[in-house]
Amino acid sequence: MSSRKPYVRKRYWNEPEMGWYERSYFFEIWRGIRITGGVFLANMWKWMTGRKGALTAYYPEEIRADYAAHNRGKHILTQRPDGRPQCVACNMCATVCPAQVIEIDAAFDPDDPEHPKYPSRFEIDYSRCVFCGLCVEACPEDAIRMVKETPDLPGFDRGRMWLKQDELLNWQPKQDVAKPYPAAGAGRTRGAP
Amino acid sequence: MSPDFAITLVYIGYALAVLLTFGAILTWVERKQAAIMSDRIGANRAYLRIPFTQVKLVWLGLFHGMADGLKLLLKEDFKPVTYDKLGYALGPWLAFTPVVLVFAVIPFGGTLDPGALFPSLADWFDGRTYPMQIAPLDAGLLVVFAFGGIAIIGAMLAGWSSSNKFSMLGALRAGSQLISYELVMGLTVLGLILIYGTVDLDAMVRHQSGTVLGFLPAWGIVYQPLAAILFLTAGIAENKRIPFDLPEAESELISGYFTEYSAMKQGMFMLSEFIEIAIIAALFTTLFLGGYNLPWLTDAGFVFPGGATFELGHGAVVAIQVVTFLAKVFLLCSFQILIRWTLPRFRWDQLLGFAWKFLLPLSIANLVVTAVAVWALT
(Lines give C-alpha, C1' and ligand atoms only; values in the text may rest on other atoms or scores of the structure.)
Protein backbone atom coordinates (compact mmCIF):
# COMPACT_ATOMS: atom_id res chain seq x y z
CA MET A 1 0.00 0.00 0.00
CA SER A 2 1.42 3.29 -0.99
CA SER A 3 -0.13 6.36 0.41
CA ARG A 4 0.34 9.70 -1.30
CA LYS A 5 2.11 12.19 0.80
CA PRO A 6 0.36 15.55 0.98
CA TYR A 7 1.94 18.19 -1.17
CA VAL A 8 4.20 20.48 0.77
CA ARG A 9 5.41 23.52 -1.05
CA LYS A 10 9.16 23.77 -1.08
CA ARG A 11 10.54 26.73 0.81
CA TYR A 12 13.52 28.35 -0.81
CA TRP A 13 16.34 29.92 1.15
CA ASN A 14 15.96 33.22 -0.64
CA GLU A 15 12.24 33.60 -0.55
CA PRO A 16 11.32 37.23 -0.09
CA GLU A 17 9.94 38.15 3.27
CA MET A 18 7.17 40.61 2.75
CA GLY A 19 5.62 42.64 5.50
CA TRP A 20 2.33 44.46 5.30
CA TYR A 21 4.04 47.31 3.46
CA GLU A 22 5.08 45.11 0.55
CA ARG A 23 1.92 43.04 0.64
CA SER A 24 -0.33 46.05 0.39
CA TYR A 25 1.13 46.41 -3.08
CA PHE A 26 0.25 50.04 -3.68
CA PHE A 27 3.36 51.48 -2.06
CA GLU A 28 5.67 49.25 -4.04
CA ILE A 29 3.76 50.09 -7.22
CA TRP A 30 4.15 53.74 -6.39
CA ARG A 31 7.89 53.21 -5.94
CA GLY A 32 8.13 51.54 -9.34
CA ILE A 33 6.12 54.23 -11.02
CA ARG A 34 8.29 56.88 -9.44
CA ILE A 35 11.39 55.25 -10.90
CA THR A 36 10.05 54.81 -14.43
CA GLY A 37 8.24 58.11 -14.37
CA GLY A 38 11.38 59.84 -13.15
CA VAL A 39 13.41 58.36 -15.98
CA PHE A 40 10.69 59.40 -18.41
CA LEU A 41 10.60 62.98 -17.15
CA ALA A 42 14.38 63.30 -17.09
CA ASN A 43 14.72 61.97 -20.63
CA MET A 44 11.77 64.01 -21.84
CA TRP A 45 13.34 67.15 -20.39
CA LYS A 46 16.53 66.38 -22.28
CA TRP A 47 14.64 65.91 -25.55
CA MET A 48 12.66 69.09 -25.03
CA THR A 49 15.77 71.13 -24.37
CA GLY A 50 17.35 69.93 -27.57
CA ARG A 51 19.59 67.25 -26.17
CA LYS A 52 19.53 63.53 -26.79
CA GLY A 53 17.64 61.65 -24.08
CA ALA A 54 18.52 58.15 -25.14
CA LEU A 55 21.49 55.84 -25.16
CA THR A 56 20.65 54.55 -28.63
CA ALA A 57 22.70 55.62 -31.62
CA TYR A 58 20.83 56.31 -34.83
CA TYR A 59 22.73 53.52 -36.43
CA PRO A 60 23.50 54.27 -40.03
CA GLU A 61 23.64 58.03 -39.54
CA GLU A 62 25.50 57.96 -36.26
CA ILE A 63 28.46 55.78 -35.41
CA ARG A 64 28.95 55.07 -31.78
CA ALA A 65 31.96 56.74 -30.26
CA ASP A 66 32.99 54.03 -27.83
CA TYR A 67 34.35 51.28 -30.04
CA ALA A 68 37.27 49.57 -28.32
CA ALA A 69 40.67 50.32 -29.81
CA HIS A 70 41.06 46.65 -30.72
CA ASN A 71 37.62 46.34 -32.31
CA ARG A 72 37.84 44.54 -35.63
CA GLY A 73 35.88 46.84 -37.90
CA LYS A 74 36.53 47.56 -41.52
CA HIS A 75 39.61 46.62 -43.48
CA ILE A 76 42.06 49.11 -44.85
CA LEU A 77 44.80 48.51 -47.38
CA THR A 78 47.96 50.33 -46.40
CA GLN A 79 49.81 52.42 -48.94
CA ARG A 80 53.39 53.05 -49.85
CA PRO A 81 54.54 56.65 -49.70
CA ASP A 82 53.84 56.97 -53.39
CA GLY A 83 50.23 55.94 -52.82
CA ARG A 84 50.34 52.49 -54.35
CA PRO A 85 49.08 49.58 -52.22
CA GLN A 86 51.54 47.83 -49.97
CA CYS A 87 49.95 44.55 -51.04
CA VAL A 88 52.08 42.16 -53.14
CA ALA A 89 49.15 39.98 -54.17
CA CYS A 90 50.51 36.89 -52.48
CA ASN A 91 46.95 35.62 -51.88
CA MET A 92 47.70 34.51 -48.30
CA CYS A 93 44.78 36.45 -46.88
CA ALA A 94 42.43 35.06 -49.50
CA THR A 95 43.69 31.56 -48.69
CA VAL A 96 43.28 31.84 -44.95
CA CYS A 97 39.94 33.59 -45.11
CA PRO A 98 37.35 31.22 -43.60
CA ALA A 99 34.45 32.94 -45.34
CA GLN A 100 36.34 33.14 -48.67
CA VAL A 101 35.34 36.72 -49.22
CA ILE A 102 38.66 38.14 -50.51
CA GLU A 103 39.32 38.12 -54.23
CA ILE A 104 42.68 39.22 -55.59
CA ASP A 105 43.89 39.44 -59.17
CA ALA A 106 47.66 39.81 -59.41
CA ALA A 107 49.39 41.86 -62.10
CA PHE A 108 52.97 42.49 -63.17
CA ASP A 109 54.55 45.90 -62.90
CA PRO A 110 57.87 46.11 -64.81
CA ASP A 111 58.51 49.66 -63.61
CA ASP A 112 58.98 48.61 -59.96
CA PRO A 113 61.63 45.89 -59.71
CA GLU A 114 61.32 45.88 -55.92
CA HIS A 115 57.65 44.87 -56.03
CA PRO A 116 56.89 43.55 -59.45
CA LYS A 117 53.68 41.85 -58.34
CA TYR A 118 50.76 44.02 -57.32
CA PRO A 119 47.02 43.57 -57.03
CA SER A 120 45.10 44.83 -60.01
CA ARG A 121 41.89 43.89 -58.26
CA PHE A 122 41.40 43.50 -54.48
CA GLU A 123 37.84 43.06 -53.38
CA ILE A 124 36.11 42.08 -50.16
CA ASP A 125 32.50 40.90 -50.01
CA TYR A 126 31.28 42.36 -46.76
CA SER A 127 27.97 40.57 -46.98
CA ARG A 128 29.85 37.39 -46.07
CA CYS A 129 32.84 38.67 -44.08
CA VAL A 130 32.89 37.39 -40.51
CA PHE A 131 35.39 40.00 -39.24
CA CYS A 132 37.68 37.33 -37.75
CA GLY A 133 40.87 39.21 -38.51
CA LEU A 134 42.74 36.19 -39.90
CA CYS A 135 43.64 38.11 -43.06
CA VAL A 136 45.45 40.66 -40.94
CA GLU A 137 47.30 37.88 -39.12
CA ALA A 138 48.22 36.16 -42.35
CA CYS A 139 49.52 39.20 -44.22
CA PRO A 140 53.36 39.09 -44.46
CA GLU A 141 53.57 42.65 -45.73
CA ASP A 142 51.34 44.56 -43.25
CA ALA A 143 49.25 45.43 -46.26
CA ILE A 144 45.84 44.82 -44.73
CA ARG A 145 44.70 46.03 -41.34
CA MET A 146 41.45 46.42 -39.52
CA VAL A 147 40.47 49.69 -37.91
CA LYS A 148 37.97 50.00 -35.10
CA GLU A 149 35.27 51.78 -37.08
CA THR A 150 32.66 49.55 -38.64
CA PRO A 151 32.11 49.72 -42.39
CA ASP A 152 29.37 52.16 -43.35
CA LEU A 153 27.43 49.62 -45.37
CA PRO A 154 23.69 49.73 -44.65
CA GLY A 155 21.84 50.34 -47.84
CA PHE A 156 19.16 49.06 -50.11
CA ASP A 157 21.53 47.34 -52.55
CA ARG A 158 23.47 44.16 -51.88
CA GLY A 159 26.03 45.14 -54.52
CA ARG A 160 27.15 48.04 -52.34
CA MET A 161 28.55 45.55 -49.84
CA TRP A 162 31.15 44.33 -52.32
CA LEU A 163 33.98 46.76 -51.81
CA LYS A 164 36.62 47.45 -54.43
CA GLN A 165 40.28 48.27 -54.01
CA ASP A 166 39.77 52.00 -54.31
CA GLU A 167 37.45 52.09 -51.35
CA LEU A 168 39.65 49.84 -49.26
CA LEU A 169 42.58 52.12 -49.98
CA ASN A 170 40.85 55.41 -49.55
CA TRP A 171 37.99 55.30 -47.10
CA GLN A 172 40.01 56.64 -44.24
CA PRO A 173 43.29 57.99 -45.54
CA LYS A 174 44.44 59.60 -42.32
CA GLN A 175 44.80 56.25 -40.57
CA ASP A 176 45.98 54.58 -43.70
CA VAL A 177 49.71 54.87 -43.20
CA ALA A 178 52.07 52.11 -44.17
CA LYS A 179 55.00 51.05 -42.09
CA PRO A 180 58.27 51.78 -43.87
CA TYR A 181 59.09 48.99 -46.22
CA PRO A 182 61.01 46.91 -45.53
CA ALA A 183 60.09 47.34 -41.89
CA ALA A 184 62.93 48.76 -39.83
CA GLY A 185 64.86 46.00 -38.15
CA ALA A 186 63.05 43.31 -40.03
CA GLY A 187 66.35 41.64 -40.75
CA ARG A 188 65.74 41.53 -44.43
CA THR A 189 68.09 43.20 -46.82
CA ARG A 190 67.30 44.41 -50.27
CA GLY A 191 67.63 41.72 -52.86
CA ALA A 192 67.61 38.85 -50.39
CA PRO A 193 65.35 36.00 -51.41
CA MET B 1 -33.35 69.66 -39.75
CA SER B 2 -34.07 70.79 -36.26
CA PRO B 3 -31.43 72.63 -34.23
CA ASP B 4 -31.36 69.82 -31.65
CA PHE B 5 -30.61 67.30 -34.35
CA ALA B 6 -27.89 69.49 -35.87
CA ILE B 7 -26.21 70.00 -32.52
CA THR B 8 -26.32 66.26 -31.79
CA LEU B 9 -24.78 65.52 -35.18
CA VAL B 10 -21.98 67.98 -34.49
CA TYR B 11 -21.38 66.37 -31.10
CA ILE B 12 -21.30 62.88 -32.60
CA GLY B 13 -18.85 64.01 -35.25
CA TYR B 14 -16.67 65.60 -32.59
CA ALA B 15 -16.80 62.48 -30.40
CA LEU B 16 -15.88 60.14 -33.24
CA ALA B 17 -13.07 62.42 -34.37
CA VAL B 18 -11.69 62.69 -30.83
CA LEU B 19 -11.93 58.96 -30.13
CA LEU B 20 -10.40 57.79 -33.40
CA THR B 21 -7.69 60.42 -33.13
CA PHE B 22 -6.93 59.27 -29.62
CA GLY B 23 -6.90 55.66 -30.82
CA ALA B 24 -4.40 56.50 -33.54
CA ILE B 25 -2.28 58.93 -31.54
CA LEU B 26 -2.07 56.67 -28.51
CA THR B 27 -0.28 53.97 -30.51
CA TRP B 28 2.38 56.56 -31.23
CA VAL B 29 2.35 57.90 -27.67
CA GLU B 30 2.69 54.39 -26.31
CA ARG B 31 5.67 53.62 -28.53
CA LYS B 32 7.43 56.89 -27.86
CA GLN B 33 6.72 57.00 -24.14
CA ALA B 34 7.89 53.43 -23.66
CA ALA B 35 11.03 54.25 -25.60
CA ILE B 36 11.78 57.39 -23.61
CA MET B 37 11.10 55.58 -20.34
CA SER B 38 13.71 52.98 -21.25
CA ASP B 39 16.38 55.31 -22.64
CA ARG B 40 15.52 54.51 -26.23
CA ILE B 41 14.48 56.63 -29.18
CA GLY B 42 11.44 54.78 -30.44
CA ALA B 43 9.99 54.25 -33.86
CA ASN B 44 11.20 57.09 -36.05
CA ARG B 45 11.79 55.75 -39.55
CA ALA B 46 8.44 55.90 -41.30
CA TYR B 47 8.07 58.99 -43.42
CA LEU B 48 5.82 60.60 -45.97
CA ARG B 49 7.63 61.92 -48.99
CA ILE B 50 6.07 64.98 -50.55
CA PRO B 51 5.44 63.96 -54.17
CA PHE B 52 7.95 65.17 -56.79
CA THR B 53 10.37 66.34 -54.10
CA GLN B 54 12.90 64.71 -51.86
CA VAL B 55 11.31 66.29 -48.77
CA LYS B 56 10.63 63.49 -46.30
CA LEU B 57 8.28 64.25 -43.43
CA VAL B 58 9.30 62.14 -40.45
CA TRP B 59 7.59 64.10 -37.68
CA LEU B 60 9.03 62.05 -34.84
CA GLY B 61 7.70 58.81 -36.28
CA LEU B 62 4.10 59.93 -36.23
CA PHE B 63 3.44 58.10 -39.49
CA HIS B 64 4.20 54.67 -38.08
CA GLY B 65 0.59 54.48 -36.97
CA MET B 66 -0.48 55.20 -40.54
CA ALA B 67 1.81 52.48 -41.83
CA ASP B 68 0.36 50.05 -39.28
CA GLY B 69 -3.17 50.92 -40.29
CA LEU B 70 -2.39 50.44 -43.97
CA LYS B 71 -0.76 47.12 -43.22
CA LEU B 72 -3.74 45.94 -41.18
CA LEU B 73 -6.14 46.99 -43.93
CA LEU B 74 -4.18 45.36 -46.73
CA LYS B 75 -3.32 42.06 -45.06
CA GLU B 76 -5.10 38.86 -45.89
CA ASP B 77 -8.24 38.48 -43.81
CA PHE B 78 -7.64 34.92 -42.73
CA LYS B 79 -10.71 33.10 -41.49
CA PRO B 80 -10.44 29.89 -39.53
CA VAL B 81 -12.74 26.95 -40.24
CA THR B 82 -15.18 27.64 -37.47
CA TYR B 83 -18.60 26.33 -36.68
CA ASP B 84 -19.92 29.78 -35.83
CA LYS B 85 -19.21 32.19 -38.64
CA LEU B 86 -21.71 34.74 -37.35
CA GLY B 87 -20.17 34.84 -33.89
CA TYR B 88 -16.72 35.09 -35.38
CA ALA B 89 -17.77 38.04 -37.52
CA LEU B 90 -19.65 39.74 -34.69
CA GLY B 91 -16.83 39.45 -32.13
CA PRO B 92 -14.71 42.46 -33.09
CA TRP B 93 -17.76 44.68 -33.50
CA LEU B 94 -19.15 43.74 -30.13
CA ALA B 95 -15.76 44.50 -28.60
CA PHE B 96 -15.35 47.78 -30.46
CA THR B 97 -18.80 49.39 -30.52
CA PRO B 98 -19.65 49.53 -26.78
CA VAL B 99 -16.29 51.13 -26.10
CA VAL B 100 -17.06 53.95 -28.49
CA LEU B 101 -20.68 54.25 -27.34
CA VAL B 102 -19.64 54.94 -23.76
CA PHE B 103 -18.48 58.36 -24.87
CA ALA B 104 -22.10 59.26 -25.64
CA VAL B 105 -22.86 60.00 -21.99
CA ILE B 106 -19.58 61.67 -21.07
CA PRO B 107 -19.82 65.46 -20.86
CA PHE B 108 -16.85 66.93 -22.71
CA GLY B 109 -17.68 70.58 -22.08
CA GLY B 110 -20.00 72.89 -20.21
CA THR B 111 -23.14 74.44 -21.62
CA LEU B 112 -23.08 75.43 -25.25
CA ASP B 113 -25.12 78.41 -26.40
CA PRO B 114 -24.87 78.18 -30.20
CA GLY B 115 -26.86 81.38 -30.63
CA ALA B 116 -24.16 83.33 -28.81
CA LEU B 117 -21.37 81.66 -30.83
CA PHE B 118 -22.99 82.20 -34.22
CA PRO B 119 -25.13 85.35 -34.12
CA SER B 120 -26.36 84.72 -37.68
CA LEU B 121 -28.01 81.50 -36.49
CA ALA B 122 -29.41 83.00 -33.29
CA ASP B 123 -32.95 83.05 -34.62
CA TRP B 124 -32.83 79.41 -35.63
CA PHE B 125 -31.54 78.27 -32.23
CA ASP B 126 -34.00 80.58 -30.52
CA GLY B 127 -31.91 80.99 -27.37
CA ARG B 128 -31.75 77.28 -26.61
CA THR B 129 -28.64 75.98 -24.84
CA TYR B 130 -27.22 72.50 -24.95
CA PRO B 131 -25.03 70.62 -22.46
CA MET B 132 -21.93 69.40 -24.31
CA GLN B 133 -22.80 65.76 -24.12
CA ILE B 134 -24.22 63.59 -26.89
CA ALA B 135 -26.87 61.93 -24.76
CA PRO B 136 -27.79 63.93 -21.64
CA LEU B 137 -29.21 60.94 -19.79
CA ASP B 138 -30.26 60.85 -16.16
CA ALA B 139 -28.86 57.35 -15.89
CA GLY B 140 -25.49 58.17 -17.45
CA LEU B 141 -23.35 56.10 -15.12
CA LEU B 142 -25.63 53.09 -15.49
CA VAL B 143 -25.27 53.32 -19.26
CA VAL B 144 -21.49 53.25 -18.83
CA PHE B 145 -21.69 50.00 -16.88
CA ALA B 146 -24.23 48.52 -19.26
CA PHE B 147 -21.91 49.06 -22.21
CA GLY B 148 -19.04 47.66 -20.15
CA GLY B 149 -21.11 44.50 -19.82
CA ILE B 150 -21.58 44.27 -23.59
CA ALA B 151 -17.82 44.48 -24.11
CA ILE B 152 -17.49 41.23 -22.11
CA ILE B 153 -19.79 39.54 -24.61
CA GLY B 154 -17.56 40.69 -27.45
CA ALA B 155 -14.45 39.14 -25.93
CA MET B 156 -16.27 35.93 -24.95
CA LEU B 157 -17.88 35.57 -28.36
CA ALA B 158 -14.61 36.17 -30.19
CA GLY B 159 -12.82 33.55 -28.13
CA TRP B 160 -15.60 30.99 -28.21
CA SER B 161 -16.32 31.18 -31.94
CA SER B 162 -12.67 30.91 -33.00
CA SER B 163 -12.56 27.12 -32.43
CA ASN B 164 -9.19 27.45 -30.80
CA LYS B 165 -8.18 26.29 -27.36
CA PHE B 166 -6.04 29.33 -26.75
CA SER B 167 -8.89 31.63 -27.75
CA MET B 168 -11.26 29.70 -25.54
CA LEU B 169 -8.93 30.00 -22.55
CA GLY B 170 -8.47 33.69 -23.25
CA ALA B 171 -12.22 34.19 -23.47
CA LEU B 172 -12.81 32.40 -20.19
CA ARG B 173 -10.14 34.49 -18.55
CA ALA B 174 -11.57 37.67 -20.07
CA GLY B 175 -15.03 36.81 -18.83
CA SER B 176 -14.09 36.10 -15.25
CA GLN B 177 -11.64 39.00 -15.09
CA LEU B 178 -14.04 41.55 -16.54
CA ILE B 179 -16.90 40.46 -14.28
CA SER B 180 -14.68 40.61 -11.18
CA TYR B 181 -13.35 44.05 -11.93
CA GLU B 182 -16.69 45.37 -13.14
CA LEU B 183 -17.94 44.64 -9.65
CA VAL B 184 -15.08 46.56 -8.04
CA MET B 185 -15.62 49.43 -10.44
CA GLY B 186 -19.30 49.63 -9.60
CA LEU B 187 -18.74 49.55 -5.88
CA THR B 188 -16.11 52.28 -5.98
CA VAL B 189 -18.41 54.54 -7.94
CA LEU B 190 -21.25 54.00 -5.44
CA GLY B 191 -19.41 56.22 -2.97
CA LEU B 192 -19.45 59.05 -5.49
CA ILE B 193 -23.14 58.49 -6.16
CA LEU B 194 -23.78 58.82 -2.43
CA ILE B 195 -21.90 62.10 -2.28
CA TYR B 196 -23.34 63.68 -5.42
CA GLY B 197 -26.79 62.11 -5.03
CA THR B 198 -27.11 61.45 -8.76
CA VAL B 199 -25.96 59.15 -11.53
CA ASP B 200 -26.23 61.84 -14.18
CA LEU B 201 -22.65 62.44 -15.30
CA ASP B 202 -23.28 66.05 -16.26
CA ALA B 203 -24.76 66.82 -12.84
CA MET B 204 -21.79 65.05 -11.24
CA VAL B 205 -19.37 67.27 -13.15
CA ARG B 206 -21.31 70.38 -12.18
CA HIS B 207 -21.03 69.32 -8.55
CA GLN B 208 -17.26 69.39 -8.93
CA SER B 209 -17.03 72.97 -10.16
CA GLY B 210 -16.57 74.69 -6.79
CA THR B 211 -13.75 74.58 -4.29
CA VAL B 212 -13.28 72.84 -0.97
CA LEU B 213 -11.79 74.67 2.01
CA GLY B 214 -11.27 77.66 -0.22
CA PHE B 215 -8.33 76.41 -2.24
CA LEU B 216 -8.78 72.73 -3.22
CA PRO B 217 -10.85 72.14 -6.32
CA ALA B 218 -13.99 70.22 -5.38
CA TRP B 219 -13.03 67.26 -7.51
CA GLY B 220 -14.07 63.72 -6.76
CA ILE B 221 -10.50 62.71 -6.07
CA VAL B 222 -10.44 65.10 -3.11
CA TYR B 223 -13.55 63.53 -1.59
CA GLN B 224 -12.76 59.96 -2.55
CA PRO B 225 -9.00 59.43 -3.01
CA LEU B 226 -9.15 55.71 -2.30
CA ALA B 227 -12.06 55.23 -4.68
CA ALA B 228 -10.06 57.07 -7.35
CA ILE B 229 -7.15 54.64 -7.03
CA LEU B 230 -9.45 51.63 -6.99
CA PHE B 231 -11.41 52.92 -9.97
CA LEU B 232 -8.28 53.47 -12.04
CA THR B 233 -7.00 50.01 -11.12
CA ALA B 234 -10.27 48.39 -12.07
CA GLY B 235 -10.39 50.47 -15.23
CA ILE B 236 -6.98 49.26 -16.37
CA ALA B 237 -8.11 45.73 -15.59
CA GLU B 238 -11.25 46.27 -17.66
CA ASN B 239 -9.02 47.32 -20.50
CA LYS B 240 -7.13 44.01 -20.33
CA ARG B 241 -3.73 45.65 -20.50
CA ILE B 242 -0.59 44.84 -18.57
CA PRO B 243 -0.52 44.18 -15.59
CA PHE B 244 -3.96 42.67 -16.16
CA ASP B 245 -3.48 41.31 -19.67
CA LEU B 246 -4.11 37.69 -18.74
CA PRO B 247 -6.79 37.25 -21.44
CA GLU B 248 -4.16 38.11 -24.04
CA ALA B 249 -0.99 36.95 -22.26
CA GLU B 250 1.28 36.51 -25.27
CA SER B 251 3.66 34.18 -23.49
CA GLU B 252 0.87 31.81 -22.48
CA LEU B 253 -2.00 32.16 -24.96
CA ILE B 254 -0.42 33.61 -28.14
CA SER B 255 -2.96 36.45 -28.28
CA GLY B 256 -5.70 35.03 -26.13
CA TYR B 257 -9.22 35.53 -27.34
CA PHE B 258 -8.24 37.15 -30.65
CA THR B 259 -5.59 34.61 -31.63
CA GLU B 260 -7.56 33.57 -34.72
CA TYR B 261 -8.23 37.09 -35.93
CA SER B 262 -6.10 38.74 -38.56
CA ALA B 263 -5.94 41.91 -40.59
CA MET B 264 -8.36 44.67 -39.63
CA LYS B 265 -10.46 42.39 -37.42
CA GLN B 266 -7.47 42.04 -35.17
CA GLY B 267 -6.88 45.74 -35.73
CA MET B 268 -10.31 46.47 -34.33
CA PHE B 269 -9.45 44.69 -31.11
CA MET B 270 -6.26 46.73 -30.92
CA LEU B 271 -8.06 49.96 -31.77
CA SER B 272 -10.79 49.29 -29.22
CA GLU B 273 -8.07 48.67 -26.64
CA PHE B 274 -6.46 52.01 -27.38
CA ILE B 275 -9.78 53.83 -27.51
CA GLU B 276 -10.68 52.25 -24.20
CA ILE B 277 -7.57 53.83 -22.71
CA ALA B 278 -9.04 57.17 -23.69
CA ILE B 279 -12.52 56.17 -22.49
CA ILE B 280 -11.26 55.12 -19.08
CA ALA B 281 -9.29 58.33 -18.88
CA ALA B 282 -12.42 60.29 -19.83
CA LEU B 283 -14.52 58.44 -17.24
CA PHE B 284 -11.89 59.02 -14.57
CA THR B 285 -11.69 62.67 -15.54
CA THR B 286 -15.47 63.00 -15.37
CA LEU B 287 -15.90 61.23 -12.06
CA PHE B 288 -12.78 62.22 -10.15
CA LEU B 289 -10.98 65.08 -11.86
CA GLY B 290 -13.82 67.51 -12.33
CA GLY B 291 -14.42 66.80 -16.02
CA TYR B 292 -14.08 70.02 -18.01
CA ASN B 293 -13.80 72.15 -14.85
CA LEU B 294 -10.79 74.26 -14.11
CA PRO B 295 -10.57 75.73 -10.62
CA TRP B 296 -12.36 79.10 -10.45
CA LEU B 297 -13.60 78.87 -14.03
CA THR B 298 -17.30 79.62 -14.31
CA ASP B 299 -19.51 80.12 -17.33
CA ALA B 300 -18.75 83.85 -17.16
CA GLY B 301 -14.97 83.53 -16.88
CA PHE B 302 -12.47 83.15 -14.07
CA VAL B 303 -13.67 84.21 -10.63
CA PHE B 304 -10.72 84.10 -8.25
CA PRO B 305 -11.10 84.01 -4.47
CA GLY B 306 -10.77 87.51 -3.15
CA GLY B 307 -13.15 88.97 -5.71
CA ALA B 308 -10.82 89.30 -8.70
CA THR B 309 -12.63 88.32 -11.89
CA PHE B 310 -11.46 87.77 -15.42
CA GLU B 311 -14.31 88.05 -17.88
CA LEU B 312 -14.31 85.71 -20.85
CA GLY B 313 -16.64 85.45 -23.81
CA HIS B 314 -18.80 82.38 -24.29
CA GLY B 315 -16.63 81.04 -27.11
CA ALA B 316 -13.46 81.34 -25.04
CA VAL B 317 -15.08 79.58 -22.07
CA VAL B 318 -16.29 76.71 -24.25
CA ALA B 319 -12.86 76.39 -25.88
CA ILE B 320 -11.12 76.38 -22.50
CA GLN B 321 -13.48 73.74 -21.17
CA VAL B 322 -13.07 71.46 -24.18
CA VAL B 323 -9.29 71.83 -24.15
CA THR B 324 -9.17 71.26 -20.40
CA PHE B 325 -11.11 68.05 -20.76
CA LEU B 326 -8.87 66.81 -23.57
CA ALA B 327 -5.71 67.73 -21.67
CA LYS B 328 -6.84 65.87 -18.56
CA VAL B 329 -7.78 62.85 -20.66
CA PHE B 330 -4.43 62.90 -22.41
CA LEU B 331 -2.48 63.14 -19.16
CA LEU B 332 -4.41 60.19 -17.76
CA CYS B 333 -3.79 58.18 -20.92
CA SER B 334 -0.11 58.88 -20.51
CA PHE B 335 -0.32 57.76 -16.89
CA GLN B 336 -1.99 54.51 -17.92
CA ILE B 337 0.77 53.90 -20.45
CA LEU B 338 3.31 54.60 -17.71
CA ILE B 339 1.68 51.91 -15.59
CA ARG B 340 1.56 49.51 -18.51
CA TRP B 341 5.31 49.83 -19.07
CA THR B 342 6.20 49.71 -15.38
CA LEU B 343 4.43 46.75 -13.82
CA PRO B 344 4.87 43.06 -14.55
CA ARG B 345 1.92 40.82 -15.33
CA PHE B 346 -0.07 39.14 -12.57
CA ARG B 347 -0.39 35.41 -12.26
CA TRP B 348 -3.94 34.22 -12.88
CA ASP B 349 -4.72 33.30 -9.26
CA GLN B 350 -3.12 36.56 -8.11
CA LEU B 351 -5.28 38.48 -10.53
CA LEU B 352 -8.55 37.10 -9.21
CA GLY B 353 -7.30 37.19 -5.63
CA PHE B 354 -6.36 40.82 -6.08
CA ALA B 355 -9.88 41.64 -7.20
CA TRP B 356 -11.84 39.58 -4.69
CA LYS B 357 -9.62 39.62 -1.61
CA PHE B 358 -8.10 43.07 -1.85
CA LEU B 359 -9.93 45.53 -4.08
CA LEU B 360 -13.45 44.37 -3.27
CA PRO B 361 -13.11 44.58 0.56
CA LEU B 362 -11.39 47.94 0.17
CA SER B 363 -14.14 49.30 -2.05
CA ILE B 364 -16.83 48.00 0.32
CA ALA B 365 -15.01 49.60 3.25
CA ASN B 366 -14.77 52.82 1.29
CA LEU B 367 -18.47 52.64 0.55
CA VAL B 368 -19.37 52.03 4.20
CA VAL B 369 -17.20 54.88 5.45
CA THR B 370 -18.61 57.20 2.81
CA ALA B 371 -22.18 56.20 3.66
CA VAL B 372 -21.62 56.83 7.35
CA ALA B 373 -19.92 60.15 6.67
CA VAL B 374 -22.68 61.30 4.32
CA TRP B 375 -25.32 60.21 6.84
CA ALA B 376 -23.52 61.99 9.68
CA LEU B 377 -23.05 65.23 7.75
CA THR B 378 -26.62 65.54 6.47
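Just the heavy atoms: all of them, side chains too, but no hydrogens, waters or symmetry mates, feed the values below. All chains are named by letter (A, B, ...) in the order of the sequence lines, taking the proteins before the strands, and each is independently numbered beginning at 1.
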Please round to the nearest 0.5 Å and tell me the distance separating atom [atom1] of [X] and atom [atom2] of [Y].
X	Y	atom1	atom2	result
B/Ser334	A/Phe40	OG	CZ	5.0 Å
A/Met44	B/Met37	CE	CE	13.0 Å
A/Ile29	B/Thr342	CD1	OG1	9.5 Å
B/Leu362	A/Phe26	CG	CZ	7.0 Å
A/Trp47	B/Lys32	CH2	NZ	7.0 Å

Atom [atom1] of [X]: over 12 foreign heavy atoms under 6.0 Å:
X	atom1	answer
B/Phe145	CZ	yes
A/Arg158	CZ	no
A/Glu22	CD	yes
A/Tyr12	OH	no
A/Arg34	CZ	no
A/Arg51	CZ	yes

*What's the shortest heavy-atom distance between B/Ile41 and A/Lys52, and which atoms?*
CD1-CE, 4.3 Å
_When B/Ile36, B/Ile229, B/Leu338 are compared by non-hydrogen pairs under 4.5 Å with chain A, the top option_ = B/Ile36
Within-4.5 Å side-chain heavy-atom neighbours: [X] and [Y]:
X	Y	value
A/Thr36	B/Trp341	no
A/Tyr25	B/Phe354	yes
A/Asn43	B/Asp39	yes

_So which residue, A/Leu41, A/Ile35, A/Ile33, ends up with the most heavy-atom pairs under 4.5 Å with chain B?_
A/Ile33
